[in-house]
Trainee: 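First the structure, which I've put down as structure tokens, then a few questions once you've had a look.
We use all heavy atoms of the structure for the numbers below, so side chains are in, but hydrogens, waters and symmetry mates are not. Just so you know, residue 1 is the first one in the sequence shown, and it goes up from there.
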Amino acid sequence: MQKRIPIFFTFDNNYVIPAAVAFYSLLNKADKNVFYEMYVLHSDITQANQELLQNIVKRFDSAELIFQNTGDFLLAEWNNGNFEGHNNNSNKFTVETAVKCFAARFFPQHDKIIYSDVDCVFVDDISELYDIDLDGKYLAAVKNPFLKISKSELSHLKPEHYEKLKDTSFAGGIWVLNLKQIRLDNLENKMLDIIQDNSIVKRWPDQDIMNIACDNNIKYIPLNYISYPYMQEKIIDKNLPSHYSKEELYASVINPKIIHFAAVKPWKGCTNHGELWWSIHDYLELPVMFEPYDILKDKTKRKYKTYKLLFMICLIGAITTFIATICTFLIMR
């Protein structure tokens, strides 16, 4: 008998192609004894794009895909809320980012559920996540690995929130949510208060809302459930400040469960593991909505050469100026 695991995703019409890659990789790596109940919370995904994703999932006998339209839920709060950069359109997030925090409302039939972003590739089975004993905690997530590296991660928070979360803040990407406990403690009202409180800046909407609301009542899962492609460059620094040990940082690169393209997306730029994402994209014969990887790679190389040339010109100019200054000084003597 297959074990049934509910998992949900929230994204808009612009992320359908990345979702197709993520869905295929999830099911391709899934344990054969697991059946995934897959849900998509959305407000604008077209019927044609829903069918595209359904056709991906139908390749497998071990899953079903259900779309659930959230309508205008949170839209007014999102438009009026203090989400950093929202008003000048520089924010890369959409209302779906906040909607994911309210899974308890949309899945009353479940006491526990997994959430995952779709800007990722699953490279291993993740079904063991569902077996985590949450033990009264609101969720299980990956501790943010950049708390000691980047000052911008939590610099937007109020001092009282910063002090509570500076060593404990968890990332988005993947969560195991204890919907039963969230309902028991009426956490939804607390989250709504945070969203509507414009004295609280929400730079990372889902993470800020949930971190503040959960107040450290959480569990942690290993970093390799969010293997960041750019971590490979960072861990070269032997003095890299981190809450993680050297072994844990390297394990996230060497033995990833999920590759999470949290910064540079493979369909927007050149990144580690970008070839893997594009291989799945091309295998599925998905619509070409992005520039192919080889073009992106070539652009990156040309951009690097341009920057290198500009650097050399600036360096030569600086050296010339320095020599001229020395010569002038010697002549004047």
Side-chain angles (χ1 to χ4, degrees), residues 5-12 37-45 66-84 86 91 93-118 129-130 132-142 144 154 156-158 160-161 164-165 168-221:
I5 295 180
I7 183 170
F8 82 102
F9 313 83
T10 59
F11 55 91
D12 65 9
E37 297 177 21
M38 301 170 64
Y39 301 91
V40 174
L41 297 182
H42 74 102
S43 60
D44 73 344
I45 299 178
I66 300 166
F67 289 88
Q68 194 164 338
N69 195 308
T70 59
D72 293 332
F73 177 65
L74 286 186
L75 189 59
E77 291 83 355
W78 178 262
N79 289 333
N80 298 319
N82 190 0
F83 295 96
E84 191 173 280
H86 179 64
N91 197 324
F93 301 108
T94 63
V95 66
E96 282 79 11
T97 316
V99 168
K100 84 184 215 186
C101 302
F102 294 84
R105 159 187 296 240
F106 291 104
F107 305 110
Q109 71 275 35
H110 294 298
D111 287 338
K112 182 196 288 188
I113 196 167
I114 297 174
Y115 165 81
S116 176
D117 283 355
V118 294
L129 278 179
Y130 196 68
I132 291 174
D133 184 359
L134 291 170
D135 193 29
K137 307 295 184 184
Y138 292 128
L139 57 75
V142 173
N144 188 332
L154 301 179
H156 59 291
L157 294 180
K158 289 183 173 183
E160 60 267 31
H161 295 148
K164 278 190 175 183
L165 301 173
T168 60
S169 175
F170 56 84
I174 192 155
W175 296 343
V176 185
L177 290 150
N178 187 347
L179 304 183
K180 182 178 181 179
Q181 194 66 46
I182 289 171
R183 295 187 196 105
L184 283 173
D185 293 351
N186 207 4
L187 197 69
E188 183 172 299
N189 282 351
K190 190 174 181 181
M191 290 189 287
L192 285 170
D193 288 343
I194 293 166
I195 290 172
Q196 294 167 350
D197 186 346
N198 281 345
S199 70
I200 301 175
V201 179
K202 276 76 73 173
R203 177 176 296 165
W204 320 111
D206 53 334
Q207 293 174 212
D208 290 339
I209 293 166
M210 287 299 281
N211 270 286
I212 295 170
C214 290
D215 198 23
N216 292 326
N217 186 33
I218 58 168
K219 276 194 170 184
Y220 295 115
I221 57 180

Trainee: How about Ser43 and Glu96: does a side-chain donor come under 3.5 Å of a side-chain acceptor?
Mentor: yes

Trainee: If you look at every heavy atom in Leu157 and Val201, which pair is closest and at what distance?
Mentor: CD2-O, 4.5 Å

Trainee: Any non-hydrogen side-chain atom of Ile174 less than 4.5 Å from a side-chain atom of Leu129?
Mentor: yes

Trainee: Above 12 or not: heavy atoms from other molecules or residues under 6.0 Å from CG of Asn186?
Mentor: yes

Trainee: Let me confirm one number: the CD1-NZ distance from Ile218 to Lys137, rounded to the nearest 0.5 Å.
Mentor: 8.5 Å

Trainee: Please say which of Leu179, Asp185, Asp215, Asn216 ends up in a side chain to side chain contact (heavy atoms under 4.5 Å, CB included) with Tyr138.
Mentor: Asp185

Trainee: Is any side-chain heavy atom of Lys158 less than 4.5 Å from a side-chain heavy atom of Ile212?
Mentor: no

Trainee: Distance check, rounded to the nearest 0.5 Å: Leu154 atom CG versus Thr168 atom OG1?
Mentor: 8.5 Å

Trainee: Can a donor-acceptor pair be found, under 3.5 Å and without considering hydrogens, that links the side chain of Thr70 to the backbone of His42?
Mentor: yes

Trainee: Report the C-alpha distance between Val40 and Thr10 in whole Å, list the side-chain angles of each, state the deciding distance to 0.1 Å, and finish with yes or no for side chain to side chain contact (heavy atoms under 4.5 Å, CB included).
Mentor: CA-CA 6 Å; Val40 174; Thr10 59; over 6 Å; no

Trainee: Please step through side chain to side chain contact (heavy atoms under 4.5 Å, CB included) for the pair Phe170 and Asn144, ending with a clear verdict.
Mentor: CA-CA 5 Å; Phe170 56 84; Asn144 188 332; over 6 Å; no

Trainee: Answer yes or no: is there a side-chain heavy-atom contact under 4.5 Å between Phe83 and Trp78?
Mentor: yes

Trainee: With a 4.5 Å limit on heavy-atom distance, are the side chains of Leu134 and Leu177 in contact?
Mentor: no

Trainee: What's the separation between atom NZ in Lys202 and atom CD1 in Ile200, rounded to the nearest 0.5 Å?
Mentor: 5.5 Å

Trainee: Are any of the side-chain heavy atoms of Phe73 and Leu75 separated by less than 4.5 Å?
Mentor: no

Trainee: Restricting to non-hydrogen atoms, name the atom on Ile194 and the atom on Ile209 that form the minimum distance, rounded to 0.1 Å.
Mentor: CD1-O, 3.7 Å

Trainee: Does some side-chain heavy atom of Ser116 sit less than 4.5 Å from a side-chain heavy atom of Trp175?
Mentor: no

Trainee: Identify the two heavy atoms, one from Leu187 and one from Cys214, that lie closest to each other, and give their separation to 0.1 Å.
Mentor: CD2-SG, 4.2 Å

Trainee: Any chance NZ of Lys219 has more than 12 other-residue heavy atoms, nucleotides or ligands included, within less than 6.0 Å?
Mentor: yes

Trainee: Are the side chain of Asn178 and the backbone N or O of Gln181 linked by a donor-acceptor pair below 3.5 Å?
Mentor: yes

Trainee: Ignoring hydrogens and angles, write down the donor-acceptor pairs under 3.5 Å from the side chains of residues 99-111, residues two or more places apart or on other chains.
Mentor:
from, atom 1, to, atom 2, distance (Å)
Lys100, NZ, Asp206, OD2, 2.5
Arg105, NE, Glu188, OE1, 3.4
Arg105, NE, Glu188, OE2, 3.2
Arg105, NH2, Glu188, OE2, 2.5
His110, NE2, Glu37, OE1, 3.2
His110, NE2, Tyr39, OH, 3.2

Trainee: A side-chain contact here means heavy atoms from C-beta on lying under 4.5 Å apart; do Ile195 and Leu74 qualify?
Mentor: yes

Trainee: Just verifying a value: how many Å separate His156 NE2 and Asn82 CG, rounded to the nearest 0.5 Å?
Mentor: 10.0 Å

Trainee: List the atom of Leu139, the atom of Met210, and the distance in Å for their closest heavy-atom pair.
Mentor: CD2-CE, 3.4 Å

Trainee: Would you check if there is a donor-acceptor pair between the side chains of His161 and Asn211 at a distance under 3.5 Å?
Mentor: no

Trainee: What closest approach, in Å, do Tyr220 and Val142 show between heavy atoms, and which atom pair accounts for it?
Mentor: CD2-C, 4.4 Å

Trainee: Mind checking the CD-CG spacing from Glu77 to Asn198? Nearest 0.5 Å is all I need.
Mentor: 11.0 Å

Trainee: Got Phe8 and Ile113 here, is their nearest side-chain heavy-atom distance under 4.5 Å?
Mentor: yes

Trainee: Out of Val95, Thr94, Thr97, which one pairs with Pro205 under the side chain to side chain contact (heavy atoms under 4.5 Å, CB included) rule?
Mentor: Thr97

